[in-house]
Amino acid sequence: MKKRIAILGSTGSIGTQTLDVVRRHPDRYEIYAISAHRSVDLLVAQAREFHPEVVCIADESKYAQLRAALSDMEIKVWAGAEAIAQMVTMPSIDVVVAAMVGYAGLQPTIEAIKAGKTIALANKETLVVAGEIICELAQQYHAPIIPVDSEHSAIFQSLVGEDRSEIEKILLTASGGPFRTFTLDQMRSVKAADALKHPNWEMGAKITIDSATMMNKGFEVIEAKWLFGVPVEKIQVLVHPQSIVHSAVQFTDGAIKAQLGAPDMRLPIQYALSFPERLASDFPRADLLQLGNLTFEKPDMDRFPNLALAYEAMSRGGNIPCVLNAANEVVNLAFREDRCGFLQMSEIIAETMHRAPFIARPSYEEYVATDREARETASRCLEGRGV
Ligand code: MG
């Protein structure tokens, strides 16, 4: 039996790499449904190659164009956020790859969990925003969540055959991003284009900026907390510029297990689809002899305050990580559009976090309201400052 796969965000970096994995294993996987935010042309090309049952576009203004382009094929064409949420519950789907960018991934992921699907989770914002609800629902509906994020895949792989109560510490590695060695003065004038020359991983624009500010790592600390049930005090970030050790787990007897490899997202994507099996691949290998040295250093929270803000958000808990995410989405976009300076991003996130009313145990509706209000606050802070 082939596994039937739905991909949310099929035209993004994770989406296209997931399709590449599927392309290599036509005997094992079949694409049943794909959705994209607004990239019609690529979505059409993917539909023509993989012949899914359903194709969905989030941006409803693109519906007519998509429908016309696929009118000669027997494919259901849908549009809008509601349609995407409905698509993931279709009975034939086995695995939902959640690879949408940002907060938009939350609702369809919740629907997929409620439908009992296996979730290959690439959208970390889902756990940052509403980790508690997601974990409770996953347990209630017996929906396994398998991480796609390379660090969490490494931790997941290190935990195979282990008892989670024997985890002493998680060692979460970070490349440090393109500004790892910059002074604060140099960071003041960097632009999005400088950050988009990221050294190690090929990623989408939003996560590349998050990686440059280390917010991505802050999110990953929160993601690890929810995925592995480990308090954030036991999650240590190590800057490891070579990106070969993808993360590690230290156990109560002092043993450390890590997963290493070349930085290529297709490996963790493939593992999430094939788990508990491993499939042969011709992905690039990490040649340890050629690499020679692997180095590790402590992250600098003065130059990268986003990491400290993420720890703070998690220790305050409740709706504060949701505020952190919403403010970050606002400033990340503003920075990419040259409406916000690099260092201003953290200042605005901190200000938004301190202004937000605290809710200890938010309902889904309260998360939605928190998200909206935090976006408004961050936008006002942004306007008040100017670039
Ligand atoms: Mg990662």
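Values below: every heavy atom of this structure, side chains too, minus hydrogens, waters and symmetry copies. First listed ligand is number 1; within each ligand, the first listed atom is number 1. Only a predicted model underlies this, so the values are computations on that prediction, with no experimental measurement involved.
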TODO: Measure from the Mg ion (ligand 1) to every N/O/S atom of D149 and report the name of the nearest one.
DONE: OD1
Open item on the list: Between the Mg ion (ligand 1) and E220, which N, O or S atom of the residue is the nearest one?
Closed with: OE2
Open item on the list: Between F156 and F275, is the ring-ring contact (aromatic ring centres under 6.0 Å, His included) condition met? List the steps.
Closed with: CA-CA 10 Å; F156 186 76; F275 173 78; 4.9 Å; yes
Task: the Mg ion (ligand 1) to E151: nearest N/O/S atom name - done: OE1
Task: E125/K206 salt bridge by N-O under 4.0 Å criterion - done: yes
Task: Note: E383-R380 ion pair, threshold 4.0 Å (strictly below) - done: no
Task: Pair D149 + K124, salt bridge at N-O below 4.0 Å - done: yes
